[in-house]
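Convention: sequence-line order gives letters A, B, ...; per-chain numbering from 1.
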Amino acid sequence: MSFASLEFLIFFFVVFSVTLVLQRFKNKIYKEVFLLIASYFFYGYWDWRFMFLLLAVTFFAYLTALFVHKKAALVTGIVIPLAVLGFFKYFNFFLSSFSVLVGGKMGVLNIILPVGISFYTFQALSYVIDVKRGLIKAEKSFIRLALYISFFPQLVAGPIVKASEFLPQLDEDRRITLKNLECGIQLMVFGFLKKTVIADHLSVFVDDVFLMPSEFHWLSIVLAVISYSIQIYFDFSGYSDIAIGCAKCFGYDFSVNFNLPYLAHNVTVFWRRWHISLSSWLREYLYIPLGGNRKGKARQYLNLFITMLLGGLWHGANWTFIVWGAMHGLALCIDKVLPKKLSEKRIGRAAGILVTFSFVSFLWIFFRAENFAVAWQVIKGIFTFQSGIIQPFSWSFVAIAAVVSASAVAMYRSKKNNEASVNGFYPLFDLNTVPGLTVLFIEIGLILCLGFTGEHPFVYFQF
Amino acid sequence: MPKTFKWLSKAFVSGCIALVVLTLFCFLYYNIPVHSTDASGATDYSWEHKKFYSRGTEGFAWGRTNNEGYLNPVDYSEGMNVDVLIMGSSHMEAYNVAMEDSTASQLSSLLGDEVVYNIGVSGHTFLTCSDNLEAALEKYRPQKYAVIETSALLFPDEDVRKVIEGEAEELESHSGGIIGLLQKNQLLRLLYSQLSNWLEAPDEGSGATVKPEANTELYSELLNKLSKTASEYGVKLIILYQSNMYIDPETGISFGNDTDLRDFFSETCREVGIEFADMSERFAEEYSNSYILPHGFSNTSVGAGHLNKHGHRMIAEELCKIMRGEN
């Protein structure tokens, strides 16, 4: 079930209404059981068979965490979910890559990739590891653990919520209140606006160019690459806003997933601002266990590279994602070597933002292209100043204007508040006032009037 | 209770303000007049007369309908001398390009002194225009040419038969009653259009549609009838065929209808004295030489949708060649 669908709106309304009634009971178990059933329904609506996979991953995490003090339990608690992920997501990829390598012809298995498997596997892993690290206690209630892993707002495309963040909230008296609703609804509406009005319209042009890059003028290709950078940002941050807002409506808090990533003046800062829940997950559960920066410079660079390489592979079973991750890894290593003084001056910082955006946008080519041939055509088209169709796509300019103006407002705001770095913010209004309600209604009206009406699922659903 | 009532009052006021703001936005972004039935029968309907219109969903254009409700740079007056009458669908209506970029305007500039009058209206297919041809010729009495534009050459037998027998049903204008009234609100109209598009979004697996078989005998009969009607009014009929062009880097350029059908139309038209202007070659040539596409806009998928200003220019140039006997 996609957030941007009528089914979801009905589902949300029903779940919200029932939860509102159930939270009147002193015993929280009724609400938790209901939210769990609703989350499984949400997941099973796509393909009911994979509810059992989700249940198995959860049960396995539950069991291994109870015995995590035993090394065998910890190892199996990590290896088995990864093996499940590996089978569903990477088996065919490695098989076909191997057959190309040995020059043979091996068939592939007909495996359907379960939606959200990368996300809930990582959540299950983080739970087992956090218990081992003593950050949280092993959850005695299977219901609560299952709710943490399957809670519908974050189930299929994140943000990746850490167990130490969410499970304690279940102990607290989190409930639907007017205050939570006021914030949650505005976040959701803002997310829908980003997704349906900007990201989906941009997808029309980006899809055209990546479908036949050899037919477009190099300037159009450059515009399409920039458009994709904005599309994926608005798509995924819009999705995250909807997820965060949706959870907020029920009284739960998820951390911010994006913080003006395109204002980053180097790649290290970019990864602190982009898909924050994934980058912090990779840092805590992969980079630091690998040794982080504790084992010398050379090892730190290697750790960074491996982390980003695997981060790339996490996104999808395709060599393009591996190259994308590897190049980000290399960039992070180079960034560590470069003198920091460069970005201290205003001009240096501005140049850094421009260079980082250009570099990140360039790498998005690999992320978006279906294969290397397409990526190569796109790159070749740009650097050979190819002639072709000139398409000054108007939504691209609207999107660029939106990014620039939102960044300018955030910069002004951070300066005014004397903040050390520029931070994004949500324009949340008091819905008890006429101006606040008017803005909300206009936002809803714009979604209905300008929203893209074709089919375009969230980009991160495929992961 | 008083608190709830107070909040509801605020919500009501906010809703009204938002409605005004969005309606103002729609005035510029999506402002489409209402159709009204054309009593003369030259078209099944036209737009409201002398109305401002704008459209930002596909291209961006605005203007004013003429005194008959057509998107024409000139008003029509009884007995006015018309040299070339253009009939057709939304492509000829040209609501997504500036009025001076439409086929009619460009053709008029190319021809110089000759008067070109455009009665293209959205929803008017080749069959609708064929059915209306006699009434249109009767009313406008073009001196030289009548042009019927079409983007399709394949029609259901039943519909063709009805046109031949003069029993085709008229398109409804929906200008009366509550529907007509609701259409006056541009915000509602845009929301309706969005909802229709959303409901029409293709589902997986439902893309296959059954195409009718080409009944060439019936088509010949229809073309004969059209030719006869044109002769009775002493005018040369041109059937302008412009199809969407599809680009595939692997297989090259292709068009909506197969070559055999285009050849059949070309041949039959020649036999019965109708000029068949097939734009396919010109479209392909312009794309090959300069990557210019006849359809699509800066806010739509590349090459998809209605004719853009380049498409109108190409058509005007080709029509001009035909009219000057340069073809």
Proximity breakdown for B:L195 and chain A, heavy-atom pairs closer than 4.5 Å: neither
Under 3.5 Å: donor-acceptor pair, side chain of B:S301, backbone of A:V204: no
A:L448 vs B:L22 side-chain heavy atoms within contact, under 4.5 Å: no
Per-residue contact mode, A:F216 against chain B (heavy atom under 4.5 angstrom): side chain
Expected output: side-chain A:T438 to main-chain B:A18 donor-acceptor under 3.5 Å: no
Test side-chain contact (heavy atoms from CB on, under 4.5 Å) applied to A:I442 and B:F25, step by step: CA-CA 11 Å; A:I442 290 175; B:F25 166 73; over 6 Å; no
Part of B:F297 lying under 4.5 Å from any heavy atom of chain A: backbone
B:Y287 side chain reached by A:I389 side chain, heavy atoms, under 4.5 Å: yes
Per-residue contact mode, A:L450 against chain B (heavy atom under 4.5 angstrom): both
Contacting region of A:I444 [heavy-atom separation from chain B under 4.5 Å]: neither
More than 12 heavy atoms from other groups under 6.0 Å of NZ on B:K10: yes
Short side-chain to backbone donor-acceptor contact, A:D208 and B:V302, under 3.5 Å: yes
B:W62 atom CH2, neighbour heavy-atom count above 12 within 6.0 Å: no
Minimum side-chain heavy-atom gap B:W7-A:L437 below 4.5 Å: yes
Which atoms of B:T300 approach chain A - backbone, side chain, both or neither, heavy atom under 4.5 Å: backbone
Straight-line distance of A:N432 CG to B:K6 NZ, nearest 0.5 Å: 8.0 Å
Segment of B:L293 engaging chain A (4.5 angstrom heavy-atom cut-off): side chain
Proximity breakdown for A:S387 and chain B, heavy-atom pairs closer than 4.5 Å: both
Heavy-atom neighbours of B:Y192 OH exceed 12 at 6.0 Å: no
Portion of A:Q391 that has a non-hydrogen atom of chain B nearer than 4.5 angstrom: side chain
CD (A:E370) with more than 12 external heavy atoms under 6.0 Å: no
